[in-house]
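In what follows, chains are A, B, ... by sequence order, proteins preceding strands, each numbered from 1. Atoms considered below: every heavy atom in the structure, side chains included; atoms not considered: hydrogens, waters and symmetry mates.
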Amino acid sequence: MGLEVRDLCVERGGVPVLMGVSFDLPPGKALILRGPNGAGKTTLLRTLAGLQPALSGAVTGGEDLIAYASHSDGLKAMLTVSENLAFWADVFGQRDVTTALHAFSLEPLRDRLAGTLSAGQKRRLGLARMLVTGRPVWMLDEPTVSLDKDAVRQFATVVAGHLASGGSALIATHIDLGLEAEVLDISPLRAQPDARAGASDEAFL
Amino acid sequence: MSLWEYANPVRFLALSSRVLPVFWGLAALCLVSGLIWGFFFTPNADKFESTVKIIYLHVPSAMMAINVWVMMLVASLIWLVRRHHVSALAAKAAAPVGVVMTLIALFTGAIWGQPMWGTWWAWDPRLTSFLILFLFYLGYIALWEAIEDPDTAADLTSVLCLVGSVFAVLSRYAVNFWNQGLHQGASLSLDKEENVADVYYFPLLVCIAGFVFLFLALVLYRTGTEIRLRRTRALQAREVRA
Amino acid sequence: MKALLIRDLTLAFRAGGGFGLGLAFFLIVTVLVPFGVGPHSALLSQIAPGILWLGALLACLLSLDRLLALDWEDGTLDLLATSPLPLEAALSVKALAHWLTTGLPLVLAAPVLGILLALPAPGFFWLVVSLALGTPALSVIGTFGAALTVGVKRGGLLMSLLVLPLYVPTLIFGAEAARRGATGMDPATPLLMLAGITAGTIAIMPFASAAALRVNLR
Amino acid sequence: MPDLGKYADAVLSAYGVSSLLLLLLVVFTLRKGRAARAALEAVEKRKNPSG
């Protein structure tokens with residue numbers, strides 16, 4: 001079981017970006033994606049989350065199990081913190097939001113409108129959303145942006161708890177979360193400019 | 001060697017550079033001879049007097065206005081199903097030709113309507129349908145222009161073309177229901193009785209052939225242009241990554 | 001699905017949600033018409049059904065650019081697309097929310113504005129019926145336009161250009177039904193056509209909208 | 001020149017407007033085509049300086 005990625009090739013704007021991406025993400029494990037800006041971390045995560053098709057390769061064990069968190073949190077400024085969470089909980093067929101509120105110490109803010117939160121608080125709320133999805137495979141794109149030290153530690157604790165309960169996480173980040181996790185550096189997987197991988201633009205080369 | 005081989009952009013360019021001169025030549029030949037024949041050597045009609053000569057522009061352009069859209073619909077479907085770039089780019093290349101054909105049909109219709117019906121414009125079902133078709137063309141072109149990523153643009157415009165076709169047909173029926181018009185019946189039909197007299201019929205056929213060849217030449221050439229622009233873009237994208 | 005509907009309705013009613021803007025626009029357009037064409041009730045009562053239909057259509061159009069653009073900007077659409085909710089269902093629900101916050105108030109306000117335009121007495125009933133039957137189609141078609149242009153910056157004008165031609169059949173049958181009702185003719189045929197268009201668009205357009213949105217999310 | 005009678009204006013303007021529109025279409029098509037060719041050649045030259 002777990003997520004298996006074999007020889008995946010992803011494209012962006014008709015050009016292959018990464019080739020030959022292979023890794024396993026068994027339950028209880030975390031994998032950290034590293035690579036310079038523009039290397040294709042976001043593209044890889046979006047492909048794995050099913051937002052865009054891969055050029056080739058296979059992803060197994062991820063169907064309806066992936067919860068994805070992009071750069072933006074999908075929060076509505078005119079809904080309160082608990083309303084925002086309750087909405088996403090309901091969409092994913094869950095009920096309980098108190099655990100998620102507690103995990104990111106959002107209880108004192110629960111009745112504040114999300115629009116009045118600071119950037120860090122918003123981010124915490126966005127990450128708390130992962131807890132109400134009830135899905136085992138987390139995919140997080142730069143989750144620690146605008147978090148302070150305490151919040152980063154809090155986040156690491158939440159991820160550790162998620163792993164301990166049999167979940168897994170794929171995290172694109174530059175900072176050290178203090179998690180026991182394998183690291184996948186994607187910079188060597190970067191597609192060559194003249195690579196032929198079936199990307200849309202190649203018909204014109 | 002199947003027809004789909006020409007869906008490869010490079011092969012398409014090679015083929016089109018060979019047949020383009022032929023199409024340009026046929027277009028010029030048919031248009032010039034048909035229009036001269038029609039303009040100088042056909043008699044005035046009883047009811048229409050000399051305005052009957054407008055038929056050589058009005059009927060072919062009106063036919064093309066619709067046929068170009070149908071061609072775009074087919075090309076869009078091919079792109080959505082088989083994802084051949086040439087198909088999507090051909091649809092993009094055809095749209096402005098369709099706009100000009102629709103404009104000519106509308107203009108010549110208005111100029112013809114003035115002496116015949118005593119008005120430049122009437123909300124006759126056919127005129128109205130063409131006006132709506134014109135709006136569909138404009139929307140389609142505007143969507144192509146607005147979206148940067150070419151594949152996204154191709155997908156979205158194809159979906160728009162499909163949906164637009166359904167609504168264009170619906171509009172046609174709606175407009176018919178809304179106002180029964182002044183327009184005479186079809187000028188060309190398989191039913192001989194309804195047809196225009198032979199003396200107008202043959203030059204008209206030549207003019208229609210001319211419009212068809214002109215359309216083919218324009219679309220082939222414009223598709224080639226789109227392919228070159230796409231290739232330039234693709235090469236530049238690789239340059240940036242190199 | 002219920003959660004999405006409730007959320008969209010809540011957002012519409014909260015500050016900045018834009019509820020009532022469409023209604024106000026409808027009111028203003030109707031009030032401006034007599035200034036444009038003159039105050040003679042004979043003329044006004046003749047054009048009232050058409051003006052009211054056109055005003056309702058424009059008011060619907062006006063509120064469409066908020067339908068998906070806000071959810072696009074804050075990333076909600078990305079997250080919704082990866083949720084268990086099918087995109088087709090999500091877009092149908094959003095179209096329903098749009099109708100409830102824009103179309104339905106227009107239907108209810110139309111008779112009041114009918115008085116301003118000297119709508120003949122038998123016309124009120126048919127105006128409301130035709131608007132009630134037709135405005136859902138406006139919302140569903142509009143959702144398609146919004147899905148097509150969601151990735152375009154300042155796509156509001158482009159969306160109008162795309163959506164307005166698609167509104168033609170609905171407008172023709174809707175206004176025709178209202179006009180026939182107002183002049184004492186039998187409005188059954190256009191009403192049936194209108195109902196057919198609405199049913200057809202509700203059944204089919206969500207798939208086209210979802211296809212367009214998926215392309216934009218790539 | 002054929003006798004166009006009282007509708008000469010209508011017929012001539014129909015022909016005039018139509019030819020003008022077609023001519024403009026062809027001219028713009030050719031101009032855009034030339035520009036695209038030139039742009040592509042520039043990029044290809046950069047890619048393979050030898051030819």
*For C:L157, look at atom CG and say whether over 12 heavy atoms of other residues, nucleotides or ligands are found less than 6.0 Å away.*
no
*asked:* Which atoms of A:R12 are under 4.5 Å from chain C, going by heavy atoms: the side chain, the backbone, both sets, or neither?
replied: neither
_Using modelled atom types and a 3.5 Å cut-off, is there a donor and acceptor pairing between side-chain atoms of C:R218 and backbone atoms of A:Q52?_
no
*Euclidean distance, A:D64 CG relative to C:T82 OG1, rounded to 0.5 Å*: 10.5 Å
*Do you know the tightest heavy-atom contact between C:D71 and A:K76?*
OD1-NZ, 2.5 Å
*Grab the two heavy atoms, one from C:D78 and one from A:S70, that are nearest each other, plus how far apart they are.*
OD2-OG, 4.3 Å
*Which region of A:I66, side chain (C-beta onward) or backbone (N, CA, C, O), has a non-hydrogen atom less than 4.5 Å from a non-hydrogen atom of chain C, or is it both or neither?*
backbone
*Begin from the C-alpha positions of A:F92 and C:L85 and carry the test side chain to side chain contact (heavy atoms under 4.5 Å, CB included) through to its verdict.*
CA-CA 8 Å; A:F92 282 88; C:L85 195 62; over 6 Å; no
_Heavy-atom pair of closest approach, residues C:R7 and A:L79_ = CG-CD1, 3.5 Å
*For the residue pair A:R135 and C:P84, establish whether any side-chain heavy-atom pair is separated by less than 4.5 Å.*
yes
_Can you give me the closest heavy-atom contact between C:L79 and A:W88, atom names plus distance?_
CB-CH2, 3.5 Å
*Give a yes or no on whether A:E182 atom CD has more than 12 heavy-atom contacts from other residues, nucleotides or ligands under 6.0 Å away.*
no
*Within a reach of under 6.0 Å around NE2 of A:H102, are more than 12 heavy atoms found that belong to other residues, nucleotides or ligands?*
no
*Evaluate side chain to side chain contact (heavy atoms under 4.5 Å, CB included) for A:S72 paired with C:D74, printing each intermediate quantity in order.*
CA-CA 6 Å; A:S72 35; C:D74 63 21; 5.6 Å; no
_Given heavy-atom pairs under 4.5 angstrom as the criterion, report whether the side chain, backbone, both or neither of A:L75 touches chain C._
backbone
*asked:* Quick check on C:T10 against chain A: is it the side chain, the backbone, both or neither that has a heavy atom closer than 4.5 Å?
replied: side chain
*asked:* Is C:I6 in contact with chain A via its backbone, its side chain, both, or neither, using a 4.5 Å heavy-atom distance?
replied: neither
*Heavy-atom distance under 4.5 Å to chain C: side chain of A:D73, backbone, both or neither?*
backbone
*Shortest non-hydrogen contact from C:R14 toward A:T80*: NH1-N, 4.2 Å
*Is any side-chain N of the basic residue among C:K2 and A:D90 closer than 4.0 Å to the acidic one's carboxylate O?*
no
*chain A heavy atoms under 4.5 Å from C:L77: which part of the residue, side chain, backbone, both or neither?*
neither
